[in-house]
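Input: a single structure, listed below in structure tokens.
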Amino acid sequence: MSETRVKLEPSWKERVGAYLDRPDMQALSEFLRSELRSGKIIYPPPKQIFAALEATPFDQVKVVILGQDPYHGPGQAHGLCFSVQPGIAVPPSLRNMYVELQRDLGFSPPRHGCLTRWAEQGVLLLNAVLTVEQGLANSHQGKGWEGFTDSIIDTLNREREGLVFMLWGSYAQAKGKLIDGRRHCVLKAPHPSPLSAHRGFIGCGHFSAANEYLMRHGKSPVDWTL
């Protein structure tokens, strides 16, 4: 998976591009090519696999929201975790995020689920695994993406200060071992999925807490409205 072929956004290419030349990433690249050759449908479309990095360059990151893997339904995934393209029904986890935003900040939920506006303000919407087979959640876990996204988080942890990491659910929280809580703000809560949101995601106050932390550290708050 050569860094030149995938055309990473330049600031990310400088920092994590070399990781894509590792043997495990070459094996991942061959796995994806083989899956496509066999007729399997992979989400998101190839040109959107690194959309989160494209939308939020390294030096612009203020907040990191970590998802697990992309949506696996037609037309949903476009490279930003929890986000769907305009015209696609808002998924249940994102609906619960809107519920918490409304409770926390008086946010008026939009009718769409596209979070690009957050990404453009410095919210890195990163899935731990960047691809999935249609209809099969978690089907690309353990294929190599986790190491690459670990390297992204590790680089942010080491080279930046005063970031906010929102870790929702045990899978995201496992990445917390890579983050120095003295240099950054780490916010943990249950996942916003309907299976767990009632156990503490609703009421967590993470969106207002993130803005308060950013302002205390001389950064502009995120306008969470969409």
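- Distance alone, capped at 3.5 Å, places no donor-acceptor pair between the K219 side chain and the Y213 backbone.
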Stepwise side-chain contact (heavy atoms from CB on, under 4.5 Å) check, L156 with L124
CA-CA 11 Å; L156 286 167; L124 179 63; 3.8 Å; yes

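- Side chains of R33 and S29: a donor-acceptor N/O pair is present below 3.5 angstrom, by distance only.
- Although no hydrogens or angles enter the test, the distance criterion places no donor-acceptor pair under 3.5 Å between the side chain of K62 and the main chain of A210.
- Of the inter-residue distances, the one linking L94 atom CG with L226 atom CG reads 8.0 Å to the nearest 0.5 angstrom.
- A distance of 14.0 Å separates SG in C204 from CZ in R199, rounded to the nearest 0.5 Å.
- A donor-acceptor distance shorter than 3.5 angstrom exists from the side chain of E100 to the backbone of G205, with no hydrogens or angles considered.
- Around the CZ atom of R37, the shell of radius 6.0 Å holds more than 12 heavy atoms that belong to other residues, nucleotides or ligands.
- Closest approach of L214 and G162 over heavy atoms only: CD2-O, 4.2 Å.
- At least one donor-acceptor pair under 3.5 Å links the side chain of Q121 to the backbone N or O of D223.
- A distance-only check finds no donor-acceptor pair linking the side chain of T56 to the backbone of V61 [under 3.5 Å].
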For a side-chain contact (heavy atoms from CB on, under 4.5 Å) check, start with the C-alpha distance between F207 and V63, then their side-chain angles and the critical distance, and finish with the verdict.
CA-CA 10 Å; F207 299 100; V63 177; over 6 Å; no

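- Between W224 and F107, the ring center distance fails the sub-6.0 Å criterion.
- Distance CD/E161 to NE2/H217: 8.5 Å, rounded to 0.5 Å.
- Between the side chain of Q26 and the main chain of L20, a donor-acceptor pair closer than 3.5 Å is present.
- Between the Q48 side chain and the A51 main chain, no donor and acceptor come within less than 3.5 Å of each other.
- Placement of I152 and L167 within a single hydrophobic cluster is found when ILVMFWY residues are connected by side-chain heavy-atom separations under 4.5 Å, directly or transitively.
- When H184, R182, R183 are each tested for a side-chain hydrogen bond (donor to acceptor under 3.5 Å, both in side chains) with D180, only one passes: R182.
- Cation-pi contact between R22 and Y19: present, with separation from the ring centre below 6.0 Å and deviation from the ring axis of at most 45°.
- Linking ILVMFWY residues whenever their side-chain heavy atoms come closer than 4.5 Å, directly or via other members, leaves L115 and L163 in distinct clusters.
- Side-chain polar atoms of H140 and T131 form a donor-acceptor pair below 3.5 angstrom.
- Counting only distance, with no hydrogens or angles, the side chain of D69 and the backbone of N138 share a donor-acceptor pair below 3.5 Å.
- When atom types are taken as modelled, the side chain of D24 and the backbone of G144 share no donor-acceptor pair closer than 3.5 angstrom.
- Using a distance-only test at 3.5 Å, with no hydrogens or angles considered, a donor-acceptor pair links the side chain of R160 to the main chain of F58.
- Separation of the H191 and F82 ring centroids falls under the 6.0 Å cut-off.
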Run the numbers on F148 and L130 for side-chain contact (heavy atoms from CB on, under 4.5 Å), then give the verdict.
CA-CA 10 Å; F148 177 64; L130 298 187; 4.2 Å; yes

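- Considering CD of Q173 and NZ of K188, their distance stands at 5.5 Å, rounded to 0.5 Å.
- Taking both residues in full, the closest heavy atoms of E54 and K7 are given as OE1-O, 4.2 Å, listed atom of the first, atom of the second, then distance.
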For F201 and W168, what are the C-alpha separation, side-chain angles and deciding distance, and is it a side-chain contact (heavy atoms from CB on, under 4.5 Å)?
CA-CA 8 Å; F201 178 80; W168 300 331; 3.6 Å; yes

